[in-house]
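Down below is the structure, laid out as structure tokens.
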Amino acid sequence: MTDYNFAYLDEQTKRMIRRAILKGIAIPGYQVPFASREMPMPYGWGTGGVQVSASVMVPDDVVKVIDQGADDTTNAVSIRKFFQKVAGVATTTRTAEATLIQTRHRIPEVALTADQVIVYQVPLPEPLRLLEPRESETRKMHALSEYGLMHLKLYEDIARHGAIATSYDYPVAVEGRYVMAPSPIPKFDNPKLESPAIQLFGAGREQRIYALPPHTKVASLDFEDHPFDPSRAEHPCALCGATDSYLDEVITDDAGGRMFVCSDTDYCEGRRSAA
Amino acid sequence: MTPLLSVDGLGKRYGARIGCADVSFDLWPGEVMGIVGESGSGKTTLLNCLAGHLRPDEGRVVFDTRDRGPVDTLTMSEPERRMLARTDWAFVHQNPRDGLRLDVSAGGNIGERLMAVGARNYGAIRAAATDWLGRVEIDDARIDDRPRAFSGGMQQRLQIARNLVSGPRLVFMDEPTGGLDVSVQARLLDLLRGLVREMGLSAIVVTHDLAVVRLLAERLMVMKGGRVVESGLTDQVLDDPQHAYTQLLVSSVLQV
């Protein structure tokens, strides 16, 4: 433990990141640039989320790490071990017991509470990027609330597919002001973005931090005649029978066999052990 | 009556060279003005200065806004100028690829300006797009095709629809018929003339094609070396040119 400063980052870096986080919380949905550090893992493995987690972490935190809903996949295991090693904090897989949750691609099924912080790993923080490649221009569009382009994308979806086909990283408007990319969570999770927990978003390669303070109003973009639909596969979970959770489709053989199971492994296990 | 656009002493330099200098004119509501001149005469620089794409070094460009009356667009705040550019103004580029989104369907291209000012009803946006495709004579079965698959003339007509859908009051056109063959040009001009009359548009048309101004413009400015050398009613300037350069220009047109 003495080989590392608490939670890996040096104190000056943590202060710099905390300032960015505070600014992000003061301006919900606004992308705050920060001086992202090299981390001992490749970009795309959650370097942004790890830096944010490390900056807000305290010694008596209980940490949970989620990768695509699961606690036992590579990304989740390696980041959980990382914090065990460099911060000596307790870890858990139970959502309700955690005080700090770092997540990739999911929001837990169990509702978060006011004494929890959830940190999202973000690959592309700029929701307008695929429509407008110039950073100077997208910043201007955010500054002037010029978000017509976002609806152009949804229009194209409906024109081509008959419905809004964007199913993850579904853009949201925060408190009627900034349009924000909620990281690649399924749109099923979008309604959970309005939460009593503090939500922080870190993009390491793109060097951006943004945040949602508790109880911030978050509206998924849509059309009056094509309202937002948080779709879900029409099946119960094959393991726990849940009908209200987000499901993964698992191919079980090469003869068309498949099963639908909860993507949130902790939620699924909790239901099975209670039954 | 106040002029829709009033330009006073406008000038733009590129270092020591003159882009355009000392340009002054008034454009009245419903009027179409042509700007002709050879390549390098400063027509496009002038148009870009007027439309806010370039920042002129001197002069004033006063636009009669809907809510605040005449305002100098050069001292206007940027949000206001960008708002004007997607509501009351329209800009038709010479090359439709500059003015269209090629990877967005025709309907999306037309609907973009509507969504930019807050339209949030898919059905209404689509109805407006269908209506405008009809008005620029594009088969509405092609509403979901990308402009990449359109011919040059269709792309130019689509660009016009995309610009006019928001009901602008002032249209800037930079060589709208450039790069099109003559029969397509004739059709486009016919269409433009109809739309301008029907919607009561004011327009500034930059071109080197005298036939375009003869058909579209009521008034004409002739530019050379960045300066206006002659201006007046189109027929008057073309039928009785006074300045030596205008005489050369008019006599250079091939009579078939």
### Contact origin within A:L131 toward chain B - heavy atom pairs under 4.5 Å
backbone

### Query
At their closest point, which heavy atom of A:L152 faces which heavy atom of B:G108, and how far apart are they?
CD1-O, 3.1 Å

### Query
Using a heavy-atom distance cut-off of less than 4.5 Å, which residues of residues 217-236 of chain A contact chain B?
A:D222, A:F223, A:E224, A:D225, A:H226

### Query
Does A:W45 CH2 have over 12 foreign heavy atoms under 6.0 Å away?
no

### Task
Under 4.5 Å, heavy atom to heavy atom: which of residues 40-65 of chain B reach chain A? Give them by number, or say none.
none

### Task
To the nearest 0.5 angstrom, please state how far the CG atom of A:L144 sits from the CE atom of B:M83.
11.0 Å

### Task
Could you tell me whether B:R97 atom CZ has more than 12 heavy atoms of other residues or ligands within 6.0 Å of it?
no

### Message
Out of B:N121, B:D103, B:I125, B:L114, return the one with the most heavy atom pairs under 4.5 angstrom to chain A.
### Response
B:N121

### Summary
Among residues 141-156 of chain B, residues within the sub-4.5 Å heavy-atom range of chain A, in order of number, are B:I143, B:D144, B:R146

### Query
Relative to chain A, which segment of B:R101 carries a heavy atom at a distance below 4.5 Å: side chain, backbone, both, or neither?
side chain

### Message
Looking at chain A, which one of B:R120, B:R86, B:M115 has the largest number of heavy-atom pairs inside 4.5 Å, strictly under?
### Response
B:R120

### Query
Between A:E156 and B:S105, which heavy-atom pair has the shortest distance, and what is it?
OE2-OG, 2.6 Å

### Message
Which residues in residues 158-178 of chain A have any heavy atom closer than 4.5 Å to a heavy atom of chain B?
### Response
A:I158, A:A159, A:R160

### Query
Around atom CZ of A:R15, are there more than 12 heavy atoms of other residues, nucleotides or ligands at under 6.0 Å?
no

### Task
Could you tell me whether the side chain of A:Y155 reaches within less than 4.5 Å of the side chain of B:E112, counting heavy atoms only?
no

